[in-house]
Amino acid sequence: MVVSTEKPKQIYIFHIKDDIKRGKTLVKYAFRYNIESTTIEHENEQGEIEETQAWQYEEYISEQEFDLFLKDSIVDILSSLYTEIVPKLERLQNYASVELPREFNIGSDE
Amino acid sequence: MPQVKKPYGLVYNTDGSLCVTYRDDDIPFPGVRSFAVEEATTNYWNNDITDYAYKINSGDVTFENTVYNGRPALKCIVTGTDPFIRIAFKHSAGNINPGDTYTASIGVAALNSEITGLDDTAAHLYFTKSDFSGFARPDHNWGKAGNRIYATYTRPIDGTDGFTTSFYACVFFKEAGTFYLYDYQLEKKPFATSFVDGSRPNGNLRIPVDLASMDDFVLSFWVKMNPYYLQDSNKYFSIGDMKDAQNWNFDIQIRCYSPDLPCVRILKRENGNLTYSDIYEEENLAIDWAMITFVYDDGIIKLFYNGQKAIENSFIVPNMYGNNELLVGHPTGAFWPGQTGGLGLISNLYTGKYRKPNGEIIWTDDYIREVYEAKIPFPVSNKLSIY
């Protein structure tokens with residue numbers, strides 16, 4: 001979980017690389033989800049520790065190739081993708097947080 | 001530049017730079033050296049292994065002063081069925097003040113076979129008032145690290161333990177075999193260090209990295225934490241551009257937020273904002289050597305633990321604060337009140353580009369795994385310095 005005092009945007013684009021020859025554009029992006037407000041201990045300029053407003057969130061990083069003529073629609077496409085993908089990511093997150101015992105017997109506590 | 005060679009296999013240049021160790025239990029695998037990220041300390045046993053006593057409840061033991069890996073050692077041949085033998089090393093230097101904390105550590109190597117475990121059934125270490133009394137080990141925080149056993153003892157403030165001018169640290173054998181006891185050291189510290197007798201120059205290891213001019217880079221190293229520094233969240237180990245508590249922009253930290261559960265985390269400070277990456281928790285960080293590989297590539301950070309990807313976040317690494325170097329460890333005053341810098345060992349350090357000039361990735365996920373599994377040694381750069 002990332003924690004930042006800077007409020008994250010839901011979608012972050014690292015870069016867009018155009019391939020004119022192939023008529024394609026490659027977009028690398030991050031979806032930030034499960035964004036929640038929190039507080040962290042932060043040191044102020046006087047060296048005193050104080051609680052500061054922060055946000056915690058999960059990230060999904062991926063890249064996608066689009067036809068170049070769709071470039072002006074990429075923001076809308078990523079927004080739709082975010083709406084579609086994030087609920088699935090949130091469900092996957094629940095699987096990741098399941099804790100398994102290191103050793104156990106089948107169907108018995110003995 | 002002339003080199004200084006010290007006991008305990010430590011070598012450094014006369015200007016204090018390039019301080020590395022060859023000690024067999026201070027490296028993750030053969031063929032590499034470890035950098036001293038610990039401060040110097042005094043060995044009250046001073047490499048003198050003649051002042052010892054022993055008691056045999058059953059079995060037999062013979063001793064021979066010898067050399068193990070080029071260093072003085074005591075060879076102990078333990079025989080008999082279910083032997084029960086204690087060897088006590090004396091400390092009698094000066095008064096031992098109430099409240100003082102001492103740590104004893106001794107290397108134990110078996111001649112013919114692996115020791116099946118440096119635990120109560122093979123060998124352990126404890127402090128006693130006289131040579132063999134006080135067998136119970138209350139507060140004798142003992143453990144093992146590689147082939148070394150160690151024990152820590154703090155005199156009660158009221159002095160009720162009776163340890164006034166001397167005490168003993170006892171090695172306890174319950175297994176037959178031929179053993180070497182070596183590199184034994186007694187320090188006035190709450191933890192065992194690798195660099196005793198003032199052998200390690202003061203200062204911090206600094207890695208020259210010009211982050212500002214890099215779109216991509218790799219920082220790979222093996223680390224072995226001193227477990228003392230993973231007891232609570234106020235003690236931590238870091239590699240960053242930290243100048244002091246107020247002035248730093250980038251930091252890789254190994255610490256415990258939860259008791260006994262060390263984790264790795266990357267921090268940055270930029271434009272007044274503080275950002276923490278994902279946390280990767282790994283209990284073995286307090287026990288074993290681990291290979292940490294940090295990758296920065298065009299706004300993404302990745303952290304690999306023993307060749308496996310553990311963290312991936314969008315994260316613009318900010319410009320370094322001040323000059324272009326990463327500090328391993330901490331300068332004085334770099335902490336919030338109550339915090340302490342963690343010490344440990346760094347080995348097989350590598351810094352370089354993540355990609356070739358044509359954009360092709362060198363340090364792919366597969367390559368990082370290969371570097372870990374093959375234990376590829378990287379040359380020690382003579383540009384690394386400690387000051």
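So that the names make sense, note that chain A is the first sequence line, chain B the second, and so on, each numbered from 1.
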Between [X] and [Y], is any pair of side-chain heavy atoms under 4.5 Å apart?
X	Y	result
A:Met1	B:Asn313	no
B:Asp298	A:His15	yes
B:Asn271	A:Glu6	no
A:Val2	B:Phe315	no

From CA spacing to verdict: side chain to side chain contact (heavy atoms under 4.5 Å, CB included), A:Ile61, B:Ile300 = CA-CA 9 Å; A:Ile61 296 171; B:Ile300 295 180; 3.8 Å; yes
inquiry  = Please check if the number of heavy atoms outside A:Lys7 that lie under 6.0 Å from its NZ is greater than 12.
reply    =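 Not buried by this count: 12 neighbours or fewer within 6.0 Å.
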Greatest number of heavy atom pairs closer than 4.5 Å to chain B - which of A:Ala30, A:Ala54, A:Pro8, A:Ser4 =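 The candidate making the most pairs under 4.5 Å is A:Ser4.
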message = With a 3.5 Å distance limit and no angle check, can you tell me whether A:Thr5 reaches the backbone of B:Leu274 through a side-chain donor-acceptor pair?
response =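 Indeed, once roles are kept as given, a pair shorter than 3.5 Å links the two residues.
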key: Under 4.5 Å from any heavy atom of chain A - which part of B:Ser314   =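 For B:Ser314, the contact with chain A is made by backbone and side chain together.
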Contacting moiety of B:Ile316, where chain A heavy atoms sit under 4.5 Å =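 It is the side chain, since no backbone atom gets that close.
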